[in-house]
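Data first, discussion second: the structure below is written as structure tokens.
Just so it is clear, the values below take in all heavy atoms, side chains as well, and ignore hydrogens, waters and symmetry mates.
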Amino acid sequence: DWNPQNDLQAMARAHRIGQTRSVRVYRLLTAKTYEMHMFHSASLKLGLDRAVLAHQRQNADSQESSTKRKSKAEREEQAKEIDSLLKKGAYDVFNEDD
């Protein structure tokens with residue numbers, strides 16, 4: 001199953017049923033296969049989701065606390081992070097050097 005939200009939901013479910021330690025998800029992939037392509041697509045989708053949610057959270061925070069303004073450097077850093085998520089995806093593990 002290549003839906004990135006399923007892994008996040010499974011991790012949240014583990015904590016709801018009593019898990020107190022960190023939960024990790026391991027994916028076994030073979031280089032240069034269709035599975036790797038699907039994983040990369042799922043990573044890009046999750047990166048897009050995180051970027052959109054971060055933007056929505058930023059808008060909500062700015063509406064709640066209009067007196068606190070972010071500096072130009074903080075805004076640029078956040079823009080770089082969102083740009084990186086959109087370009088590389090949530091899992092930055094795809095190096096062609098391997």
Side-chain angles (χ1 to χ4, degrees):
D1 185 16
W2 296 102
N3 183 353
Q5 294 298 326
N6 285 352
D7 293 335
L8 297 175
Q9 290 171 353
M11 292 168 68
R13 188 178 312 113
H15 285 290
R16 280 195 307 270
I17 61 173
Q19 177 66 297
T20 57
R21 294 185 180 181
S22 178
V23 177
R24 294 183 181 170
V25 176
Y26 293 97
R27 294 171 191 90
L28 303 176
L29 301 171
T30 306
K32 299 180 183 175
T33 61
Y34 185 71
E35 290 175 339
M36 191 71 144
H37 173 73
M38 291 298 296
F39 183 72
H40 181 64
S41 296
S43 173
L44 291 174
K45 287 181 183 181
L46 188 58
L48 176 64
D49 185 48
R50 287 186 180 177
V52 169
L53 290 177
H55 181 70
Q56 287 178 348
R57 240 181 283 127
Q58 176 189 3
N59 288 343
D61 290 344
S62 66
Q63 290 174 355
E64 290 176 5
S65 59
S66 59
T67 58
K68 294 181 182 178
R69 298 281 183 208
K70 288 189 176 183
S71 69
K72 185 176 181 180
E74 289 174 332
R75 288 192 307 261
E76 288 177 358
E77 181 65 30
Q78 188 175 26
K80 285 180 184 178
E81 182 181 335
I82 290 173
D83 188 49
S84 176
L85 279 171
L86 294 175
K87 286 182 180 178
K88 298 177 184 175
Y91 310 110
D92 190 23
V93 296
F94 299 101
N95 295 328
E96 293 297 320
D97 298 337
D98 294 341

Heavy-atom pair with the smallest gap, counting every atom of [X] and [Y]:
X	Y	value
V23	H15	CG2-NE2, 3.5 Å
E35	T30	OE1-N, 4.1 Å
K32	M36	N-CB, 4.3 Å

Heavy atoms, side chains only, cut-off 4.5 Å: are D7 and L46 in contact?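 When only atoms from C-beta onward are counted, L46 and D7 do not touch, as no gap falls below 4.5 Å.
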Beyond-backbone contact of L48 with K45, side-chain heavy atoms, under 4.5 angstrom: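 Answer no - side chains too far apart.
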Roughly how far, to the nearest 0.5 Å, is OG1 of T33 from CZ of F39?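 F39 atom CZ to T33 atom OG1 measures 11.5 Å (nearest 0.5 Å).
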Can you list everything that forms a side chain to side chain contact (heavy atoms under 4.5 Å, CB included) with R16? Sequence neighbours excluded, please.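 Counting only residues at least two positions away or on another chain, R16 forms a side chain to side chain contact (heavy atoms under 4.5 Å, CB included) with A12, R13.
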